[in-house]
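This one's a predicted model, so the numbers in the text were calculated from it and none came from an experiment. One-based numbering along the sequence shown.
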Amino acid sequence: ERRMRDIERMREAAIHVMVSMAEFRDEATGNHVKRTQEYVRALGGVLSARAGAIDPLDALQVELIARAAPLHDIGKVAIPDGVLLKPGALTAQELVVMKTHAVLGWEMLRRARERMGAEDSPLIGYAMEIARHHHERWDGTGYPDQLKGAAIPIAARLMAVADVYDALISRRPYKAPIPHATAVAMVSAGAGKQFDPAVIDAFIAIEDRFANIARQWAADPAAGDEPQPDRMH
């Protein structure tokens, strides 16, 4: 039993190292990782409490998905600086390179799971699903696998909404932050196209909680990752 606890602690440490790598690699990350984790936890909590959900989640699954969420962009550690840190818009060729982070992240996590002997770890399993599929779209036009509808893992569907909302409200070198209300409207408009309608229903139900999370985990403006909490309701 003690050995199993030690193994689990080692796995947790390895995951924390990977998250730290992603944070240090991408100067725009800031508190994005923490905010999106809390958004995912909040969305999952709503869905777990709803009877008749297509993808029923229990409290443990929600917690594991939330713990896996910070690894969604781990594949960006393999993207060249000239693309990842470019201050302006990406060219078509650079965009192709950037999109490879989804499969790269999945492959990194797959190898880590294998080397840690953690093939049975649901945490890493969720992290792999999130890394690979959080850019899939409900209508099947996303990447990398063009999965459609419920074929997209629920963990990735939660992450997709969290990730896009936070990107909209955050300052980036190439864009100004968007107010909370505008971001909510834009994300909600993606129901049935970019996002799972059930996840959007949950998002709308707790939009104030999203605003509170953004305020709580607002980054230092100098870090370039500052949401606009003063313009949220």
Side-chain angles (χ1 to χ4, degrees), residues 32 35-58 61-62 64-66 68-69 71-73 75 89-90 92 95-96 98-103 105-106 125-170 172 175 177-214 227-228 231-233:
H32 168 75
R35 290 193 301 269
T36 52
Q37 180 180 48
E38 293 306 318
Y39 301 149
V40 165
R41 182 176 278 116
L43 287 172
V46 173
L47 292 178
S48 71
R50 287 187 174 174
I54 296 175
D55 299 280
L57 295 170
D58 60 33
Q61 289 172 310
V62 171
L64 288 170
I65 291 170
L71 290 165
H72 65 282
D73 276 341
L90 300 180
L95 188 57
V96 170
M98 179 64 86
K99 286 182 175 182
T100 64
H101 81 273
V103 173
W106 175 86
Y126 283 131
M128 290 171 63
E129 291 178 349
I130 289 170
R132 185 174 186 115
H133 297 303
H134 70 286
H135 289 294
E136 305 283 3
R137 293 173 57 102
W138 189 253
D139 62 8
T141 62
Y143 69 90
D145 299 313
Q146 293 78 54
L147 298 184
K148 184 176 182 179
I152 305 168
I154 183 61
R157 283 180 260 155
L158 296 173
M159 189 72 234
V161 172
D163 195 36
V164 171
Y165 168 81
D166 200 67
L168 289 171
I169 66 164
S170 299
R172 293 290 184 266
K175 65 173 280 294
I178 291 173
H180 168 76
T182 306
V184 169
M186 292 174 69
V187 172
S188 300
K193 292 174 285 187
Q194 184 171 359
F195 306 116
D196 178 349
V199 177
I200 292 300
D201 285 346
F203 169 67
I204 293 170
I206 58 168
E207 62 157 293
D208 286 346
R209 201 180 310 175
F210 269 59
N212 290 336
I213 291 168
Q228 294 300 288
R231 299 177 65 181
M232 298 176 185
H233 54 251

Colleague: Considering all heavy atoms of both residues, which atom of Ala155 and which atom of Tyr126 are nearest to each other, and what is their separation?
Modeller: CB-CD2, 4.0 Å
Colleague: So, for Leu57 and Ser48, which heavy atoms are closest and what is the spacing to 0.1 Å?
Modeller: O-CB, 3.0 Å
Colleague: Is Glu136 reaching over with its side chain to a backbone N or O of Leu147, donor-acceptor style, under 3.5 angstrom?
Modeller: yes
Colleague: For Ala69 and Gln37, work out which heavy atoms get closest and say how close.
Modeller: CB-CA, 4.1 Å
Colleague: If you count the non-hydrogen atoms of other residues, nucleotides and ligands that lie under 6.0 Å from NZ in Lys175, is the total more than 12?
Modeller: yes
Colleague: Would you check if Ile130 and Ile65 make a side-chain contact, meaning some heavy-atom pair closer than 4.5 Å?
Modeller: yes
Colleague: When the ring planes of Phe203 and Phe210 are compared, do they come out parallel, tilted or perpendicular, using 30° and 60° as the limits?
Modeller: perpendicular
Colleague: Tell me, do His134 and Asp73 make a side-chain contact under 4.5 Å, heavy atoms counted?
Modeller: yes
Colleague: Which atoms form the tightest heavy-atom contact between Pro56 and Gln61, and what is the distance?
Modeller: O-OE1, 3.7 Å
Colleague: Using every non-hydrogen atom in the two residues, find where Leu168 and Met186 come nearest and quote the distance to one decimal.
Modeller: CD2-CE, 3.9 Å
Colleague: State, with a plain yes or no, whether a side-chain heavy atom of Ser170 is found less than 4.5 Å away from one of Arg35.
Modeller: yes
Colleague: Can you confirm whether His101 sits close enough to His135 that some side-chain heavy atom of one is under 4.5 Å from a side-chain heavy atom of the other?
Modeller: yes
Colleague: Would you say that Trp138 contacts Arg157 through its side chain, given a criterion of any heavy-atom pair below 4.5 Å between the two side chains?
Modeller: yes
